[in-house]
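Input: a single structure, listed below in structure tokens.
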Amino acid sequence: MNEIKKEEEKSLNFLEEIVEEDLGAGRYKTILTRFPPEPNGYLHIGHSKSICLNFGLAQKYGGKTNLRFDDTNPVTEDVEYVDSIKADIRWLGFEWANELYASDYFGQLYQFAVKLIEKGLAYVDDSSSEQIAQLKGTPTEPGKDSPYRSRSIAENLQLFADMQAGKYKDGEKVLRAKIDMSAPNMHMRDPILYRIKHAHHHRTGDAWCIYPMYDFAHGQSDSIEHITHSICTLEFVPHRPLYDWFIDKLEIFPSHQYEFARLNLSYTVMSKRKLLQLVNDRHVTGWDDPRMPTIAGLRRRGYTPESIRTFAEKIGVQKRDNLIEVGLLEFCIREHLNRIALRRMVVFDPVKVVLTNYTEDEEILKSENNPEDPETTYREIPFSRELYIEREDFMEVPPKKFFRLSPGQKVRLKSAYIIQCDEVIKDAAGNITELRCSYLPGSKSGGENANIKVQATIHWVSIRHAVTAEVRLYDRLFKVENPASEEGDFKDYINPDSLQVLPAAYAEPALSHAKFDERYQFLRKGYFTLDKDSSEDKMIFNRTVTLRDNWAKEQKKG
RNA sequence: UGCCCGAUAGUAUAAUGGUAGUACGACAGAUUUUGGUUCUGUUUGUCUUGGUUCGAAUCCAGGUCGGGCAACCA
């Protein structure tokens, strides 16, 4: 009976449909995908969609995925990025079949170019970039042939060899495909195949002074590796005819390109160019600033690989432009952290509570590390006469639906006693400095008065036993949903309050053993993780995400 | 004003000629020693106009709107 239901739940996305169709028709025995980053920046959450798609597709259908660095432009690329990209993919939980570089194929690509020249399908052009742009025409007007277009095959062969041999300076000559200067698709108007760059390449060093363009490298690299499904983003759709043209003319393995819509996330930006600006202009502290949508930033913020993979799964994939609500990402991380995070009590903005009728020196109480854990373990929490509670958990004149502490009212201290507020002490300026309360004996867990109902349970710490920690609270980086589509400079929409630092929050002593790979829920506050800036004598916590907060919602309603 | 891609609740995503479904959100309620979690319920949608058909989100035609394309970037 569940057969049909299950079938429905597992509806395929359009890429899975293509793969199943190809496999079913026997076009391939097994599939091979690839993730092809250019090592010129850090990976971001948008890349994780592509990573999950490429690796996920291969995993699902028993195939493999190559990691291939698209390193055809030596001036923008660097090994720093190669290393970070590999680390990020591994952290996300994927392993590639082969680590490859487009630069591995420079020799073969050169031979492909020679073959095209020999077939009369490529020529060396001496025009300047301005002249080439001039003759290219516009989307609505056809282009015109270059004066160098009709050079003989022999001359082209010689000139191209000279280009490769370093006889010319940057920009003096290019190699172009001879296709159709009046093609309605701009990419087919004799695209440039090779340009001269006397630049040091991070892998091939100074072996080459000519470098292939993206269009002449990507498809051929796919083909060399026998990639069956080359999945990329929508902006490459107009490149596909060219991708196919090269494969056809070169008579090489027919890889096929398929395109999907890139991920856009609300309240952030997703282009490397913009992210680089944020770093360079010091709007953030680096590529791994916890407010950045980079994988490194999300990791430092406390996101888990599982949550990002779940997110990629949930957003699905299609060819229409999209703007995903960041709320969905937050849902995914909360869902995971709720299951794994250790509960701890931390007071951010303290107000002192003195239990006037508490006569013991101290006592040790117990509290769950994680109530969601089927095998719940417990930690010890010291309790004493003087405590801190959150300032916002007390109101002298409470509004209607305020359930917390107020004069004459009772609340429960989590895993401890019920207390009642008897007296409010203020300084000369009228600020509340201390709350004099009485506790209800026998009201702690297991006690004879433990079942008395109170409206709220709040967190607390014993002042004498508290440890301090710096807490960094993050908010969205931008004030608007889609900064990239807004008028003017996207940086004008940066949220000035995206970081709030609390130099000293008061935590229960159990938190002093915090570990870098551990996740914590500060009760009623949110999920936190230790930041890499922490030292032996100073703990620094990043807020990954807040808890859902219906009380805040209620307050907003007025 | 050329070529290409796209349009299903607020946001995503299914339904592949036959009951418009799911998730997130929102709203309401139950449970709760976290105003958390969990559970239950409610809410809102096929861009438009024609056509084909017994039947159209789906096929066809026109329109509208959104996006991409004129780097010696990828």
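Sequence lines set the chain letters: A, B, ... in the order given, protein chains first and strands last, and positions in each chain run from 1.
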Query - Sole candidate of A:F383, A:Y439, A:Y388, A:Y506 that passes ring-ring contact (aromatic ring centres under 6.0 Å, His included) when paired with A:W460 - result: A:F383

Holding to salt bridge (Lys or Arg N to Asp or Glu O under 4.0 Å), I want the full list of residues that pass it with [X], two or more places apart in sequence or in another chain.
X: A:K144; answer: none
X: A:R189; answer: none
X: A:D180; answer: none

Would one find a side-chain N or O of [X] under 4.0 angstrom from OP1 or OP2 of [N]?
X: A:S128; N: B:C72; answer: no
X: A:K553; N: B:A26; answer: yes
X: A:R548; N: B:G36; answer: no
X: A:N13; N: B:U13; answer: no

Query raised in the report: RNA chain B: A:I458 or A:R195, which has the more 5' nearest nucleotide?
Result: A:I458

Query raised in the report: For A:D126 and A:K319, take the nucleotide of RNA chain B holding the closest heavy atom to each; which residue's nucleotide lies nearer the 5' end?
Result: A:K319

Could you check whether the side chain of [X] and the base of [N] have a donor-acceptor pair of N or O atoms closer than 3.5 Å, going by distance alone?
X: A:Q555; N: B:G35; result: no
X: A:T457; N: B:U34; result: no
X: A:Q521; N: B:G36; result: no
X: A:R524; N: B:U34; result: no
X: A:R334; N: B:G36; result: no
X: A:R343; N: B:U37; result: no

Requested in this report: Using a strict 4.0 Å threshold on nitrogen-to-oxygen distance, state whether A:E390 and A:R404 make a salt bridge.
Outcome: no

Requested in this report: May I ask you to decide whether A:K197 forms a salt bridge with A:E172, counting only side-chain N to carboxylate O separations under 4.0 Å?
Outcome: no

Report task. Assign the ring pair A:W208 / A:Y110 to parallel, tilted or perpendicular, where the plane angle (0 to 90°) is split at 30° and 60°. Result -> tilted

Query raised in the report: Taking the inter-plane angle between the rings of A:Y211 and A:H201 on a 0 to 90° scale, is it parallel (under 30°), tilted (30 to 60°) or perpendicular (over 60°)?
Result: parallel

Minimum-distance nucleotide to [X] side chain [options: [options]]:
X: A:L328; options: B:G35, B:A12, B:C24; result: B:C24
X: A:R320; options: B:G35, B:G36, B:U13; result: B:U13
X: A:N73; options: B:A12, B:A74, B:U16; result: B:A74

Report task. Give a yes/no verdict on base stacking between B:G35 and A:W551: centres under 5.5 Å, planes within less than 30° of parallel. Result -> yes

What are the atom names and distances for every N/O pair under 3.5 Å that joins the protein to nucleotides 63-69 of chain B?
from  : atom 1 : to     : atom 2 : distance (Å)
B:G67 : O4'    : A:D321 : OD2    : 3.3
B:G67 : O2'    : A:D321 : OD2    : 3.3
B:C69 : O2'    : A:H187 : NE2    : 3.2

Requested in this report: Apply the side chain to side chain contact (heavy atoms under 4.5 Å, CB included) test between A:Y42 and each candidate in A:K272, A:H47, A:E80; give the one that qualifies.
Outcome: A:E80

Query raised in the report: If you look only at pairs with a residue in residues 168-191 of chain A, which of them pass as a ring pair (Phe, Tyr, Trp, His ring centres under 6.0 Å), with sequence neighbours excluded?
Result: A:H187-A:H239

Query raised in the report: Which dot-bracket notation, 5' to 3', represents the base pairing of RNA chain B when pairs are defined as Watson-Crick or G-U with both distances under 3.5 Å, crossing pairs as [ ], and inter-strand pairs as |?
Result: .((((((..((((....[..)))).(((((.......)))))....(((((..]....))))))))))).....

